[in-house]
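Please read the structure below before turning to the comments.
Read the numbers this way: they start at 1 and go in the same order the structure lists the ligands and their atoms. Positions are given from 1 along the sequence.
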Amino acid sequence: MPDLTADLAGIRSPNPFWLASGPPTNSEYQIARAFDAGWGGAVWKTVGEPIVNVSSRYSSLDIGTRRMMGFNNIELITDRTVEDNLREVASIKRRYPDHAVIVSLMVEPKRETWHEFVKMSEDTGADGLELNFGCPHGMSERGMGSSVGQVPEYTKMITSWVKEVARTPVIVKLTPNITDITFAARAAYEGGADAVSLINTINSITGIDLDTFVPRPAVAGKSSHGGYCGPAVKPIALHMVSAIAADEGAPIPISGIGGIERWDDAAEFILLGASNVQVCTAAMHYGFRIVEELRSGLSTWMEEKGFETLDDFRGRSVNAVTDWGNLDLSYKIVASIDWKKCINCKLCYIACEDGAHQSIELVRRRGEMIPSIKQDDCVGCNLCSLVCPVDDCIHMVERDPGRGDTWKSRVSAGKA
Ligand SMILES: Cc1cc2nc3c(=O)[nH]c(=O)nc-3n(C[C@H](O)[C@H](O)[C@H](O)COP(=O)(O)O)c2cc1C
């Protein structure tokens, strides 16, 4: 059996699956249930001066029959007292000494207040701290959350205040509501952070009620922009994780977050450099039991690939992401339709005709007009294979393996 033990900046956990800070990590009761179900760690729902939440708080983007493809919330940090939270953190850590228990913190931007909260949090015996510089609503208006994460100078300054007193590893949680995530990661690194975690939620409005004209979630006839997460945000999170993993200016361990609900999502984050992963929306949607599939799926895949530990494949895909200018212009693929599988819906034909390169024609075969690829015209864009509703019906076939003819090489040869 592969070893799933994970290590993020010295914080060890029996597996790489942590619950992200949020509603599933709001109490000892929940985290005990999660650890019993098999989660390797948990980041406590962000602790700070207690706030008052609104009702309602959540909305979602549903696509077809798929519920909560994207999830949006206007919830703030914990509404429980600091004392209640930290007493329960200490109790959980005593009950589950081998699991990772992290205290997430968000407090006013004052050095003494940060020092006080860091000390109180570490007195619980927690394994580390996560600084929430990411939440995009409610707290940002008060000079906290993403209003810190969006300004590299503040990120660096508050991280360094925390590092003045912290004895446990400090993880800085980054906001994706920023143009280039590497600036934020560098600021955290320069402030002394031991790791970064990303992504927190993305500014969003998920939709409007067309009878009341009020966006969801509605609070007494008004709404507010919220934080977007769930499966829809995974591609954005993967890109940001890969950008940091490839950045020599911030060589720092990464905890990957954003849209993870299956084992293969987690494998992708680790391939792009994450040391572990965190999950929020999927646990809210399906419950703690999903960790069984996360663990067994990852383990089976690692066994198939011959990987014994997470380090055997961590970061393997980082170098496969490059600038567009390094891509081979002479590499060529074309589409090929398996007529035995084709149900003749003609979606590929209409997509190529109206939306791409007019490289599919309709030809008569056994009395029917069916789609056929014009191979000399096909540019290999993938669109037909993406719209085809039948698995493995349209394949992309290699025609030219490429000769290293990139845009950058053309520029340096004066041929661009
Ligand atoms: C309802 C809700 C509340 C959240 N509260 C917090 C929080 O208190 N602190 C924090 O750092 N992140 C919070 N998050 C963000 C998550 O930890 C996570 O970064 C984000 O949801 C992306 O992961 P996911 O796609 O798995 O949900 C919250 C997310 C949701 C959905």
Review point. Using 30° and 60° as the class limits, which term best fits the ring planes of Trp263 and Trp301: parallel, tilted or perpendicular?
Key: tilted

Exercise for review: Hey, can you tell me if Tyr58 and Phe71 have their rings parallel, tilted or perpendicular (30° and 60° cut-offs)?
Suggested key: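 Tyr58 vs Phe71 ring planes: tilted.
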
Ligand 1 versus [X]: contacting region, heavy-atom distance under 4.0 Å:
X: Val43; value: neither
X: Thr281; value: both
X: Thr46; value: both
X: Asn200; value: both
X: Met106; value: neither

Review point. So is Ala282 close enough to ligand 1, meaning a heavy atom under 4.0 angstrom away?
Key: no

Practice item. May I ask whether Leu198 places a heavy atom under 4.0 Å from ligand 1? Key: no

Just wondering, do [Y] and [X] contact through their side chains at under 4.5 Å, heavy atoms?
X: Ile31; Y: Trp44; result: yes
X: Phe17; Y: Ile260; result: no
X: Ile290; Y: His285; result: no

Quick one: does any side-chain atom of [X] pair with a main-chain N or O of [Y] as donor and acceptor, under 3.5 Å?
X: Trp339; Y: Pro371; result: yes
X: Ser104; Y: Lys45; result: no
X: Ser317; Y: Leu272; result: no

Proximity winner for [atom], if only heavy atoms of [options] are counted:
atom: atom 2 (C) of ligand 1; options: Pro23, Gly22, Gly48; result: Pro23
atom: atom 14 (N) of ligand 1; options: Cys280, Ser21, Gly226; result: Ser21
atom: atom 19 (O) of ligand 1; options: Thr201, Leu174, Asp265, Ile199; result: Ile199

Would you mind running through ligand 1 and noting each atom that sits below 4.0 Å from a heavy atom of [X]?
X: Ile257; value: 18 (C), 19 (O), 22 (C), 23 (O)
X: Phe71; value: 31 (C)
X: Tyr58; value: 1 (C)
X: Gly258; value: 23 (O), 25 (O)
X: Lys173; value: 10 (C), 11 (O), 12 (N), 15 (C), 16 (C), 17 (O), 18 (C), 19 (O)

Review point. Are Glu261 and Arg66 within salt-bridge range, i.e. N to O under 4.0 Å?
Key: yes

Review point. Is any NZ, NE, NH1 or NH2 atom of the basic residue among Asp127 and Arg12 found under 4.0 Å from an Asp or Glu carboxylate oxygen of the other?
Key: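 Result for this pair is no, no salt bridge flagged.
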
What residue and heavy atom of the protein are closest to [atom], and at what distance?
atom: atom 25 (O) of ligand 1; value: Gly259 N, 2.7 Å
atom: atom 30 (C) of ligand 1; value: Asn73 ND2, 3.3 Å
atom: atom 21 (O) of ligand 1; value: Cys229 CB, 3.3 Å
atom: atom 5 (N) of ligand 1; value: Lys45 NZ, 3.0 Å

Review point. Any chance the side chains of Trp18 and Ser13 put a donor and an acceptor closer than 3.5 Å?
Key: yes

**Study point:** Exercise: do Ser197 and Glu130 side chains pair donor with acceptor under 3.5 Å
**Key:**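 Indeed, the side chains of Ser197 and Glu130 share at least one donor-acceptor pair under 3.5 Å.
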
Check your understanding: Looking only at distance, does Gly230 have an N or O less than 3.5 Å from an N or O of ligand 1?
Key -> yes

